[in-house]
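Structure first, commentary second.
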Amino acid sequence: MFYAILEDGIRKIDKAQFLKNPVGICILTLDEWQMDAGWKERFRLWHEVDSLHYCKMESHPDFLFGTICVPAKQKRERETGFAMYIQKERVVLLDRDGKIADQVGRLSRDKRKKEYSMERFVYDFLQSFLVDDLLFMEKMEQEIAGIEEDVLKGRTGEYSYRMLQMKKLIARFYHYYSQLTEIGQEILENQQKFFDEEELNMFRRYSDRVFRLSEEAKLLREYSMQVQEVYQSEIGIRQNDVMKMLTIVTTIFLPLSLIAGWYGMNFSHMPELSWKYSYPAVIGISAAVVVISLIIFKKKRYW
């Protein structure tokens with residue numbers, strides 16, 4: 001797909017129009033780029049695309065080269081990976097899975113301000129991947145809060161699985177935003193003077209936004225660790241309750257064991273053994289010991 005840069009935005013054009021004047025935006029699949037050397041020769045780009053599994057930006061004498069891998073936000077979604085070459089007169093996008101063409105198509109339908117430029121498109125394009133990220137961060141925070149509430153209510157059956165998935169998602173986006181921050185810094189260094197000061201101000205806003213999202217992801221990671229500590233505290237409290245109950249039971253039955261052991265001794269001269277009320281008397285003493293122990297525990301608020 002090919003687009004021309006107009007004063008108020010971008011407009012889709014056909015391949016013939018673009019080849020006559022290769023100025024604008026060119027979107028190619030990764031296979032088309034790697035198999036057709038004609039495109040590389042036309043754009044004077046012989047740089048090889050290595051991996052689309054992380055985000056980076058490199059400065060070269062005649063172009064900027066970057067790769068971006070956008071993590072999936074839903075379980076059934078797949079990550080989006082693409083590469084981009086930024087030159088003074090054009091942007092070449094290498095689309096791995098077809099999503100980039102749709103993304104640029106949405107940008108072409110939006111009304112833009114006047115004096116639109118190649119640099120403005122690069123800013124809008126990079127910014128388009130961050131549009132809903134703050135809301136996504138809020139949803140993750142709500143999910144963690146829900147996990148915390150379940151822990152406090154004792155519903156910990158699926159805690160480990162849910163928290164593991166949440167930690168992995170947070171870590172993935174934290175690394176993603178950290179890498180985007182490096183991309184923003186690389187653009188702002190402007191080593192080859194691709195952008196003027198006004199255009200750099202746009203990318204400063206982009207870099208600031210990515211940094212804020214990175215900080216949000218960092219806070220979510222800390223929040224998840226706090227929930228982990230709450231979970232461990234709840235486990236400790238439950239173990240203490242169990243130990244407390246076992247202690248109470250042991251304390252109650254300790255004097256009963258003493259009584260049973262005392263009268264279980266095989267001595268010949270024990271007057272209680274020949275007394276006809278000895279059996280009910282021992283039962284009464286044992287019951288009294290249990291009742292008195294329970295009263296003492298209740299007053300001491302042990303249970």
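Reckoned from all heavy atoms, side chains included, excluding hydrogens, waters and symmetry mates. The model shown is predicted, which means the values in this text are computed figures rather than measured ones.
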Testing K99, K73, R96 one by one against E79 for a salt bridge (charged side-chain N to carboxylate O under 4.0 Å, His left out), which residue passes?
R96
Under a 4.5 Å cut-off applied to non-hydrogen side-chain atoms, are V122 and F203 in contact?
yes
Hey, does E148 have a side-chain heavy atom less than 4.5 Å from the side chain of Q226?
no
Have Y159 and Q228 got a donor and an acceptor in their side chains that come within less than 3.5 Å?
yes
Give the intermediate values and the outcome of side chain to side chain contact (heavy atoms under 4.5 Å, CB included) for residues R78 and D97.
CA-CA 9 Å; R78 294 181 58 187; D97 45 26; 5.7 Å; no
Measure the CG-CD distance between N201 and E198 for me, rounded to the nearest 0.5 Å.
7.5 Å
Verify the ring-centre separation between Y3 and F121: is it less than 6.0 angstrom?
no
For residues Q103 and S128, determine if any side-chain heavy atom of one lies less than 4.5 Å from a side-chain heavy atom of the other.
yes
Can you tell me if CD on E138 sees more than 12 non-hydrogen neighbours from other groups inside 6.0 Å?
yes
Any side-chain heavy atom of Y177 within less than 4.5 Å of one from L130?
yes
Within a 6.0 Å radius of atom NZ on K88, are there more than 12 heavy atoms belonging to other residues, nucleotides or ligands?
yes
Are I170 and K167 close enough that some pair of their side-chain heavy atoms sits under 4.5 Å apart?
no
Smallest heavy-atom separation, M137 atom then L220 atom, equals SD-CD1, 3.5 Å
Is the H60 ring parallel, tilted or perpendicular to the F63 ring (thresholds 30°, 60°)?
parallel
Below 30° counts as parallel, above 60° as perpendicular, anything between as tilted: where do the rings of F18 and W39 land?
tilted
Counting the benzene-type ring for Trp, do F195 and Y123 have ring centres under 6.0 Å apart?
no
Can you tell me if CZ on F65 sees more than 12 non-hydrogen neighbours from other groups inside 6.0 Å?
yes
Side-chain contact test, heavy atoms from C-beta onward, threshold under 4.5 Å: evaluate it for L180 versus F129 and give yes or no.
no
For the residue pair D124 and Y116, confirm or rule out a side-chain donor-acceptor distance under 3.5 Å.
yes
Tell me whether the guanidinium CZ or amine NZ of R90 lies under 6.0 angstrom from the six-membered ring centre of F43 and within 45° of its axis.
no
Side-chain heavy atoms under 4.5 angstrom apart, residues restricted to Ile, Leu, Val, Met, Phe, Trp, Tyr: same cluster for Y279 and I259?
no
